[in-house]
Amino acid sequence: MSQAPQSRALVIINSNFYSSDGDVAFGTRKGARREAEKLSRSLSRLNYKVTLMHNKTAKEIKDLYQQERCHQHGEFFVSIISSHGDDGVIFGCDSEPVQLMWIFQTLSSEKCPVLTKIPKIFFIQACRGQELDQGVVLECDSHEPKWEPDGFSDCLSIPPQTAVMFACSPGYVAFLNIFGSMFLQALLKVLEGEERHLALNRLMTRINGEVAFGCQARGTYEGCKQMPCFVTNLLQEVFPFS
């Protein structure tokens with residue numbers, strides 16, 4: 001009797017960046033790699049088949065999502081992205097942008113029929129702008145953009161059967177320190193606690209509360225906060241980590 005395929009998880013973590021001429025760019029995202037490895041182990045314990053990728057260029061990131069269309073999938077597809085970012089994009093380690101809308105649409109039912117009925121869940125640790133929510137910048141996953149934003153919100157482009165949780169609100173930076181990020185540390189706490197049995201929308205709300213009320217920056221910008229947010233076009237309640 002054949003065994004049903006496992007749910008899949010793709011974790012992409014960029015911590016070192018370089019420019020087109022080979023120079024170091026942005027600065028190292030200390031703590032990002034270690035927390036991504038912890039999240040990968042946690043997802044593996046929850047019976048996900050995890051692919052963990054470090055320091056991928058924009059093209060390599062696109063290739064990874066296109067390859068997902070060729071795999072057998074279980075009940076869910078989960079992806080965690082941790083990188084520098086700005087409005088509607090994340091950056092490859094070559095400092096080139098990848099449009100989040102492109103990622104979401106690549107796995108949509110229109111372009112990937114095999115994933116039509118499978119909930120696709122994204123957790124994105126990256127800045128969405130330059131604004132500070134009155135908190136400390138231990139490190140921030142953002143920089144001055146090299147492209148012109150099209151003004152079309154990535155939230156509005158999310159296809160059916162997709163849910164996306166962002167580390168911060170539109171226009172704001174996401175915080176990172178040597179121990180990791182506020183957002184992904186909260187996700188890790190939920191995955192390793194009893195909250196993992198909740199429906200996804202309730203689980204994401206718990207993460208919102210954990211970051212908004214339980215996390216506060218220290219240092220030069222003492223008291224600064226971060227507010228994650230999520231958007232979902234799922235058509236039913238799902239329990240991806242139960």
Side-chain angles (χ1 to χ4, degrees), residues 12-15 17 19 25-32 35 58 61 79-93 95-105 120-159 162-177 180-187 200-201 203-233:
I12 299 174
I13 164 69
N14 283 344
S15 53
F17 297 80
S19 61
F26 301 167
T28 302
R29 300 179 63 245
K30 298 176 181 178
E35 75 177 359
I61 290 171
S79 188
I80 299 172
I81 305 171
S82 179
S83 187
H84 285 295
D86 215 298
D87 182 29
V89 303
I90 55 97
F91 290 95
C93 66
S95 306
E96 293 299 320
V98 178
Q99 296 283 344
L100 289 171
M101 180 172 65
W102 182 93
I103 294 175
F104 305 148
Q105 293 294 343
K120 294 160 284 289
I121 304 158
F122 295 86
F123 297 93
I124 300 175
Q125 166 61 32
C127 286
R128 303 178 71 189
Q130 307 291 322
E131 295 297 320
L132 293 174
D133 194 359
Q134 297 305 308
V136 64
V137 184
L138 300 174
E139 282 188 24
C140 75
D141 293 340
S142 185
H143 78 294
E144 292 299 323
K146 298 188 295 182
W147 75 99
E148 292 296 328
D150 59 11
F152 186 66
S153 171
D154 41 273
C155 291
L156 300 179
S157 64
I158 293 173
T162 302
V164 184
M165 188 165 199
F166 298 93
C168 55
S169 301
Y172 285 86
V173 301
F175 299 116
L176 180 75
N177 62 32
S181 64
M182 295 180 180
F183 174 58
L184 292 185
Q185 289 298 310
L187 172 60
L200 182 65
N201 63 325
L203 181 146
M204 288 179 163
T205 302
R206 293 289 179 92
I207 295 173
N208 274 359
E210 177 71 22
V211 176
F213 296 110
C215 299
Q216 182 171 294
R218 299 287 186 265
T220 306
Y221 300 93
E222 177 76 28
C224 192
K225 290 287 190 175
Q226 183 174 314
M227 185 65 236
C229 60
F230 64 89
V231 59
T232 173
N233 277 347

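Please read these numbers as outputs of a predicted model, since none were measured by experiment.
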> At what distance, to the nearest 0.5 angstrom, does CD1 of Ile158 lie from CZ of Phe230?
Replying inline: 11.5 Å

> Is any side-chain heavy atom of Ile81 less than 4.5 Å from a side-chain heavy atom of Ile103?
Replying inline: yes

>> Using the side chain to side chain donor-acceptor pair (under 3.5 Å) criterion, which residues pair with Ser79? Sequence neighbours excluded.
In response: Tyr65

>> For Ala126 versus Ile90, what's the shortest heavy-atom pair and its separation?
In response: CB-CG2, 3.9 Å

>> Please give me the minimum heavy-atom distance between Pro97 and Ala58, naming the atom from each residue.
In response: O-CB, 4.0 Å

>> Going by side chain to side chain contact (heavy atoms under 4.5 Å, CB included), name the residues that satisfy it together with Ala163, two or more places apart in sequence or in a different chain.
In response: Leu200, Met204, Thr232, Leu234

>> Donor-acceptor pair, distance only, cut-off 3.5 Å: does the side chain of Gln226 make one with the backbone of Ala167?
In response: yes

> Would you say the side-chain atoms of Arg29 pair up with the backbone N or O of Ser82, donor to acceptor, closer than 3.5 Å?
Replying inline: yes

>> Phe122: which residues meet the ring-ring contact (aromatic ring centres under 6.0 Å, His included) condition with it, sequence neighbours left out?
In response: Phe104

>> Can you tell me how far apart CZ (Phe175) and SG (Cys127) are? Round to the nearest 0.5 Å.
In response: 8.0 Å

> Which is it for Val164 and Leu100 under the side chain to side chain contact (heavy atoms under 4.5 Å, CB included) test, yes or no, and what are the steps along the way?
Replying inline: CA-CA 10 Å; Val164 184; Leu100 289 171; over 6 Å; no

>> Quick check against the 3.5 Å criterion: does Thr162 have a side-chain atom that pairs as donor or acceptor with the backbone of Asn233?
In response: no

> What residues form a side chain to side chain donor-acceptor pair (under 3.5 Å) with Glu35, not counting sequence neighbours?
Replying inline: Ser181, Gln185

> Are Ile124 and Phe183 close enough that some pair of their side-chain heavy atoms sits under 4.5 Å apart?
Replying inline: no

> Nearest 0.5 Å, what's the CG-OG1 distance between Asn14 and Thr28?
Replying inline: 12.0 Å

>> Between Asp87 and Arg128, is there a side-chain heavy-atom distance shorter than 4.5 Å?
In response: no

> Got Ile13 and Gln125 here, is their nearest side-chain heavy-atom distance under 4.5 Å?
Replying inline: no

> Does any non-hydrogen side-chain atom of Leu187 lie less than 4.5 Å from one of Ile80?
Replying inline: yes

> For the residue pair Val211 and Ala186, what are the closest heavy atoms and their distance?
Replying inline: CG2-CB, 3.7 Å

> What are the two closest heavy atoms between Val173 and Cys168, and how far apart are they?
Replying inline: O-CB, 3.6 Å

> Who pairs with Ser169 by side chain to side chain contact (heavy atoms under 4.5 Å, CB included), at least two apart in sequence or on another chain?
Replying inline: Tyr172, Met227

